[in-house]
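Report on the following structure.
Just the heavy atoms: all of them, side chains too, but no hydrogens, waters or symmetry mates, feed the values below.
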2 protein chains.
Amino acid sequence: MDRAEARERALDAAEELFYGRGVQSVGMDDVRGTSGVSLKRLYQLFPAKEQLVEAYLVRRDTRWRGELAAYVERRPEPDERILAVFDWLAKWFREPGFRGCAWLNAYGELGATSERVAAQVRAHKRGFRQYLEDLVAAAGRPDALAGQLFLLAEGAMVTAGVTRSAEPAAEAREAARRLLGAG
Amino acid sequence: MDRAEARERALDAAEELFYGRGVQSVGMDDVRGTSGVSLKRLYQLFPAKEQLVEAYLVRRDTRWRGELAAYVERRPEPDERILAVFDWLAKWFREPGFRGCAWLNAYGELGATSERVAAQVRAHKRGFRQYLEDLVAAAGRPDALAGQLFLLAEGAMVTAGVTRSAEPAAEAREAARRLLGAG
DNA sequence: ACCGTAGGAGAACGCTCGTTCTCGCGTCAA
DNA sequence: TTGACGCGAGAACGAGCGTTCTCCTACGGT
């Protein structure tokens, strides 16, 4: 197992464990057990747990936004693309093991104590919001709409996480549809 | 200092510390130091830290929803009342020391490990949502609107917490106004 | 064959923190 | 006055865990 593969395995384990059980209730020893990467190697790759958390959030951010964009861009119409964001959320919420937004969970746990984690969360949310702004601009809609869609999406993620239901995605989609209709 | 006063002081300290720094980074010894209530007394009043957290969330829920209702009910018009919810959020977001929604923060920190805390969070959100449903019904608006307003409010709280800005309240208010206008 | 090095397993260390215990003082009933 | 009790201060205990260290094995180059 070379360095790159060890890194991937460590991040796979970190993602599964941190997202599923929360960061603080997972020890480095759990990451070792799940990944098969020894503690020594883990600390060579990530000098401290905080940096493993950061790397987990970075990698997940890339994949999350990539999958969203891939899904959305299958729709040809600009207005359809905007609504597709909420369809994708619904699909995500229904995945087994869904436990809310990884970044908001991490922020609740570590935002007050880790500046690196807080910065990652802000970067992810900024990226998502920027993506919505791009979709809104491409549809020739007013800028202000993007912020409103963003709030609907955030509310849906948080509510789906707490209530363990996919329903908020449909509610948010309907609200978005009405905002589009009225705009 | 009798039992009731000790309880209030303990909860005052718990609220200040848990909300300001997160639950996990505050020790029972910090609560003792801030409240002036001895550890022995604290453990008489709350047999475990988890129950102090629970009591903190319960008491804050009562006050939070009470203050919201008091603010909203100063407006006579039903539609105005709905929008007043977002004005109140804006006021809350601007308070010094605002650090996001206490319940969502607690959920991110403890939702995965404490069923009691998770239940309190769900109860609080259910109560808030029910309040919106009442306002919507009183305005003669369709039920579905309440869920949409709820998502806007949740999105605004979460975004205001992460970005340390009151702006999301105004964005959510504008979206709500448009949903009302279109409904 | 031999040495140097990398890496794995897991013990060890040090700190934090939830919870309990000890001790000593003040109070109040009889 | 005395003795039982409640309580505060803070030490003590024990578990969890991030991080480092020790020891041993395996292997690659000469």
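Between the CE atom of B/M1 and the C1' atom of D/dC7 there is a distance of 10 Å, rounded to whole Å. When rounded to the nearest whole Å, the span between OH of A/Y43 and P of C/dG7 equals 17 Å. Distance CG (B/L52) to P (C/dT19): 10 Å, rounded to an integer number of Å. What separates CZ of B/R32 from C1' of C/dT19 is a distance of 12 Å, to the nearest Å. For the pair B/L39 CG and C/dG18 P, the computed distance is 10 Å after rounding to whole Å. Straight-line distance from the CG atom of B/L45 to the C1' atom of D/dG6: 14 Å, rounded to whole Å. Across the protein-nucleic acid pair, B/Q51 atom CD and C/dT19 atom C1' stand 13 Å apart, rounded to whole Å. Rounded to a whole Å, the CG atom of A/L42 is 10 Å from the P atom of C/dG8.
Residue A/Q44 is in sugar-phosphate contact alone, with no base atom involved, counting any heavy-atom pair closer than 4.0 Å across all strands shown. Residue-level contact check: A/R3 touches neither bases nor backbone, having no heavy atom under 4.0 Å from any strand. Residue contacts for A/K49: at a heavy-atom cut-off of 4.0 Å it reaches the sugar-phosphate backbone alone, with no base atom in range.
For DNA chain D, the neighbouring residues in residues 4-28 of chain A, judged by any heavy atom under 4.0 Å, are A/V26, A/G27, A/M28.
Heavy-atom nearest nucleotides on DNA chain D were determined for A/D29 and for A/K40, and the one closer to the 5' end corresponds to A/D29. Ranked by how close their nearest DNA chain D nucleotide is to the 5' end, B/R41 and A/P47 are led by B/R41.
Two residues are said to be in side-chain contact when any heavy atoms from C-beta on lie closer than 4.5 Å; B/Q130 and B/K125 fail this criterion. Side chains of B/D12 and B/R59 form a contact here, defined as non-hydrogen atoms less than 4.5 Å apart.
Looking at every heavy atom in both residues, B/W103 comes nearest to B/Q120 through CD1-O, 4.3 Å. In terms of heavy-atom proximity, B/R65 sits nearest to B/G127 at NH1-CA, 3.7 Å.
A donor-acceptor contact shorter than 3.5 Å links the side chain of A/R178 to the backbone of B/L179.
For A/K49, there are no side-chain hydrogen bond (donor to acceptor under 3.5 Å, both in side chains) partners at least two apart in sequence or on another chain.
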Full working for salt bridge (charged side-chain N to carboxylate O under 4.0 Å, His left out) between A/R3 and A/E8: CA-CA 9 Å; A/R3 188 181 172 90; A/E8 284 309 294; over 6 Å; no
